Amino acid sequence: MLADVQPAPPDPILGLTEAYRADTRPGKLNLGVGIYRDDHGRTPVLDAVRQAERVIVDTQTTKDYLPIDGEPGYHRAVRDLLFGAERDAALAGRARVCASPGGSGGLRIVAEMIHFAFPDTRLWVPTPTWPNHPAIFAAANLPTQTYRYFDPKRNGLDFDAMLDDLKQVPDGDTVLLHGCCHNPTGVDPSTDQWLALADVLANRPILPLIDLAYLGFGTGLEADAAGVYAILDACPEAVVVMSFSKNFSLYRERVGAIVHVAESDTVATDVLSRIKQTVRRNYSNPPGHGAEVVRTILSTPALRTQWLGELDAMRSRINTTRSALTAGLDQRGVSLSADGNGFIGRQRGMFTLTGLTKDQVHAIRQHHAIYAVDSGRINVAGITPDKLDAVCDAIADAVGAA
Ligand code: LMR
């Protein structure tokens with residue numbers, strides 16, 4: 001039977017990593033997948049993580065299954081990180097957390113749960129969005145629609161269009177928002193724009209679903225949560241799906257969380273029961289190690305301080321690289337937008353949508369062994385100081401400036 005199965009096309013992001021691994025050229029560079037690399041091109045195990053793992057190895061007494069929604073200490077740590085103490089006191093009674101295998105696993109569970117509860121609901125995603133979003137939602141039978149988001153002429157946010165489109169979303173639908181460090185553009189609404197968006201969504205039967213995979217990679221933990229806070233403060237109900245792959249550098253441990261804030265304690269309990277049912281049908285109960293690392297770090301003051309320092313260092317390297325990339329392109333007379341290259345420094349998080357065409361991306365791959373996503377997205381966090389000139393030269397070559 002299975003001999004007739006047609007092969008799947010390569011994944012636009014992880015498929016690129018497979019091609020990169022098979023590339024034997026020296027000096028190759030992968031700016032495709034969103035993984036933080038330090039100045040030496042390594043994706044480090046954070047010191048806070050290593051120390052937490054030592055504590056876990058020394059003290060863990062069982063490998064028994066976790067509860068379907070994960071461990072209560074993890075729920076508290078996640079709420080504390082996301083809400084902060086004051087908001088937690090206000091929201092905890094109607095908030096529930098469910099551990100998830102990364103952000104992707106959380107999105108899939110939420111999508112299935114929403115489709116089960118509301119078979120007619122559609123999910124509105126920005127244009128562009130992470131290529132895996134539509135795939136995950138389609139697999140959960142949740143149909144997607146798009147709203148305008150990015151203005152390619154200015155490499156910035158098309159806020160008026162976004163607001164207009166969100167005003168047209170019919171009652172009963174769900175709206176996906178990137179909480180910060182939008183993937184793939186790096187373009188986020190300002191705090192005032194978030195407040196205006198929250199105003200549009202508040203008091204209408206529309207569910208905001210916030211994908212929060214890069215908290216702390218933009219401007220800082222508090223500032224990066226401004227959008228989430230605007231929504232939570234204005235809307236009676238919202239779902240936030242968090243990933244700790246990037247900010248804890250725990251990629252392969254697959255650790256994330258679904259945070260549902262409901263209009264009441266009863267609704268929160270009922271929805272959690274459906275989330276748990278969906279988890280049980282998918283992977284039964286969550287992986288434990290990554291969540292235990294996150295819990296240990298967040299609940300141990302010294303480790304939390306250590307982690308915050310390491311998070312600051314990652315963010316700072318990314319933002320330094322943004323400036324260096326801008327300067328390197330300027331020096332070569334390359335302008336990636338009509339307004340110059342300043343947008344690279346204004347964008348936030350790991351990614352910048354360069355405006356490079358698919359053909360230019362392919363030319364860079366072919367001639368310079370530098371891998372970027374076909375959309376023109378590059379992972380700024382993957383550019384090391386020793387490769388900066390090569391990246392700028394390759395871009396200059398592709399756009400005909402060299
Ligand atoms: C990315 O966009 O590169 C990351 O979110 C990793 C992934 O799984 O695609």
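The residues of the chain are indexed from 1 along the displayed sequence. Given the structure is predicted, the values throughout are model-derived calculations rather than measurements.
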Engineer: Start with the C-alpha gap between Val255 and Leu250, add the side-chain angles, then the distance that decides, and say whether side-chain contact (heavy atoms from CB on, under 4.5 Å) holds.
Structural biologist: CA-CA 7 Å; Val255 50; Leu250 278 169; 3.9 Å; yes
Engineer: Would you name the heavy atoms of His368 and Ala394 that are closest together and state the gap between them?
Structural biologist: CG-CB, 3.5 Å
Engineer: Applying salt bridge (Lys or Arg N to Asp or Glu O under 4.0 Å), run through Arg50 and Asp47 and close with a yes or a no.
Structural biologist: CA-CA 5 Å; Arg50 213 179 275 294; Asp47 281 341; 5.1 Å; no
Engineer: If you draw a 6.0 Å radius around OH in Tyr283, do more than 12 non-hydrogen atoms from other residues or ligands fall strictly inside?
Structural biologist: yes
Engineer: For the ring pair Phe159 and Tyr149, is the centre-to-centre distance below 6.0 Å?
Structural biologist: no
Engineer: When you compare the side chains of His115 and Thr121, does any donor N or O come within less than 3.5 Å of an acceptor on the partner?
Structural biologist: no
Engineer: Where is the tightest heavy-atom contact between Leu388 and Ala324, given as atom of each residue plus distance?
Structural biologist: CD2-CB, 3.6 Å
Engineer: If the threshold is 4.0 Å, N to carboxylate O, is there a salt bridge linking Arg317 and Asp39?
Structural biologist: yes
Engineer: Check whether any side-chain heavy atom of Gln193 lies under 4.5 Å from a side-chain heavy atom of Asp188, and answer yes or no.
Structural biologist: no
Engineer: Can you check salt bridge (Lys or Arg N to Asp or Glu O under 4.0 Å) on Glu263 and Arg94, steps first, answer last?
Structural biologist: CA-CA 7 Å; Glu263 63 181 37; Arg94 55 190 182 92; over 6 Å; no
Engineer: Of Val399, Thr354, Ile395, Val391, which meets side chain to side chain contact (heavy atoms under 4.5 Å, CB included) against Leu329?
Structural biologist: Ile395
Engineer: I need the Ile275 CD1 to Thr278 OG1 distance, nearest 0.5 Å.
Structural biologist: 7.5 Å
Engineer: Within the supplied structure, the quantity of interest is the number of heavy atoms (other residues, nucleotides, ligands) at a distance under 6.0 Å from Gln60 CD; does it exceed 12?
Structural biologist: yes
Engineer: Before giving the answer on side-chain contact (heavy atoms from CB on, under 4.5 Å), spell out for Leu298 and Asp80 the whole-Å C-alpha distance, their side-chain angles and the decisive distance to 0.1 Å.
Structural biologist: CA-CA 9 Å; Leu298 292 178; Asp80 179 51; 5.8 Å; no
Engineer: Determine whether the side chains of Thr269 and Arg96 contain a donor N or O and an acceptor N or O closer than 3.5 Å.
Structural biologist: yes
Engineer: Do the non-hydrogen side-chain atoms of Leu272 and His260 ever get within less than 4.5 Å of each other?
Structural biologist: no
Engineer: First locate atom CD1 of Ile231, then atom OH of Tyr229, and finally report the distance between them rounded to the nearest 0.5 Å.
Structural biologist: 13.5 Å
Engineer: Looking at every heavy atom in both Lys28 and Lys387, which two are closest together, and how far apart are they?
Structural biologist: O-NZ, 3.9 Å
Engineer: Name the orientation class of the two ring planes belonging to Phe137 and His133 (parallel below 30°, tilted from 30 to 60°, perpendicular beyond 60°).
Structural biologist: parallel
Engineer: Run Asp374 and Arg365 through salt bridge (Lys or Arg N to Asp or Glu O under 4.0 Å) and show every step you take.
Structural biologist: CA-CA 10 Å; Asp374 280 358; Arg365 194 178 313 162; 3.2 Å; yes
Engineer: Side-chain contact test, heavy atoms from C-beta onward, threshold under 4.5 Å: evaluate it for Ile56 versus Val293 and give yes or no.
Structural biologist: yes
Engineer: Rounded to the nearest 0.5 Å, how far apart are CG of Leu31 and CD1 of Ile364?
Structural biologist: 9.0 Å
Engineer: I'd like to know whether Tyr251 forms a side-chain contact (heavy atoms from CB on, under 4.5 Å) with Ile35, so could you lay out the CA-CA distance, the side-chain angles of the two residues, the decisive distance to 0.1 Å, and finally the verdict.
Structural biologist: CA-CA 8 Å; Tyr251 305 87; Ile35 292 180; 4.1 Å; yes
Engineer: Please say whether more than 12 non-hydrogen atoms of neighbouring residues, nucleotides or ligands are located less than 6.0 Å from CZ in Arg252.
Structural biologist: no
Engineer: With a 4.0 Å cut-off, would you call Asp165 and Arg148 a salt bridge?
Structural biologist: yes
Engineer: Using a strict cut-off of less than 4.0 Å between a Lys/Arg side-chain nitrogen and an Asp/Glu carboxylate oxygen, indicate whether Lys153 and Asp151 qualify as a salt bridge.
Structural biologist: no
Engineer: Using a 3.5 Å distance criterion without hydrogens, assess whether the side chain of Ser337 forms a donor-acceptor pair with backbone atoms of Gly340.
Structural biologist: yes
Engineer: Hey, could you give me the OG/CG distance between Ser335 and Asp330, rounded to the nearest 0.5 Å?
Structural biologist: 7.5 Å
Engineer: Do Gln347 and His182 have side-chain atoms, one donor and one acceptor, less than 3.5 Å apart?
Structural biologist: no
Engineer: Any carboxylate oxygen within less than 4.0 angstrom of a Lys/Arg side-chain nitrogen, looking at Arg87 and Asp233?
Structural biologist: yes
Engineer: Report the C-alpha distance between Ser243 and Ser245 in whole Å, list the side-chain angles of each, state the deciding distance to 0.1 Å, and finish with yes or no for side chain to side chain donor-acceptor pair (under 3.5 Å).
Structural biologist: CA-CA 6 Å; Ser243 164; Ser245 298; 3.2 Å; yes
Engineer: Locate the shortest heavy-atom distance separating Thr144 from Val125; write the atom from each residue and the value.
Structural biologist: CG2-CG1, 4.1 Å
Engineer: So Val259 and Val239, do their side chains get closer than 4.5 Å, heavy atoms only?
Structural biologist: no
Engineer: Against the six-membered ring of Phe244, is Arg254 placed for a cation-pi contact (under 6.0 Å from the centre, within 45° of the normal)?
Structural biologist: no
Engineer: Going by the side chain to side chain donor-acceptor pair (under 3.5 Å) test, which pairs reach into residues 3-21, not counting sequence neighbours?
Structural biologist: Thr17-Asn30
Engineer: So does Arg332 pair up with Asp397, basic N to acidic O under 4.0 Å?
Structural biologist: no
Engineer: Give, for atom CG of Leu29 and atom CG of Asp386, the distance between the pair rounded to the nearest 0.5 Å.
Structural biologist: 8.5 Å
Engineer: Check whether any side-chain heavy atom of Ile109 sits under 4.5 Å from a side-chain heavy atom of Ser100, and report yes or no.
Structural biologist: no
Engineer: Which heavy atom of Ile378 sits nearest a heavy atom of Ile383, and at what distance?
Structural biologist: CD1-CD1, 4.3 Å
Engineer: I'd like to know if the side chain of Gln277 pairs up with that of Arg280 as donor and acceptor (distance under 3.5 Å, no hydrogens or angles considered).
Structural biologist: no
Engineer: Tell me whether the NZ or CZ atom of Arg377 lies within the 45° cone about the ring axis of Phe351 and under 6.0 Å from its centre.
Structural biologist: yes
Engineer: Any side-chain heavy atom of Glu237 within less than 4.5 Å of one from Val267?
Structural biologist: yes
Engineer: Might you confirm whether atom CZ of Arg204 has over 12 heavy atoms from other residues, nucleotides or ligands at distances under 6.0 Å?
Structural biologist: yes
Engineer: Under 4.5 Å between any side-chain heavy atoms of Thr174 and Phe118, yes or no?
Structural biologist: no
Engineer: In terms of side-chain heavy atoms, does His178 have a donor or acceptor partner in Asn183 at a distance below 3.5 Å?
Structural biologist: no
Engineer: Give a yes-or-no answer on whether the side chains of Ser190 and Asp192 include a donor-acceptor pair shorter than 3.5 Å.
Structural biologist: no
Engineer: Quick one, Pro134 and Thr129 - any side-chain contact, counting heavy atoms below 4.5 Å?
Structural biologist: yes
Engineer: Determine the minimum heavy-atom distance between His75 and Val97, stating which atoms define it.
Structural biologist: NE2-O, 3.4 Å
Engineer: Looking at Phe217, is Arg348 sitting on its ring face, NZ or CZ under 6.0 Å from the six-membered ring centre and within 45 degrees of the normal?
Structural biologist: no
Engineer: Could you verify whether a donor N or O on one side chain and an acceptor N or O on the other, from Asn379 and Tyr36, lie under 3.5 Å apart?
Structural biologist: no
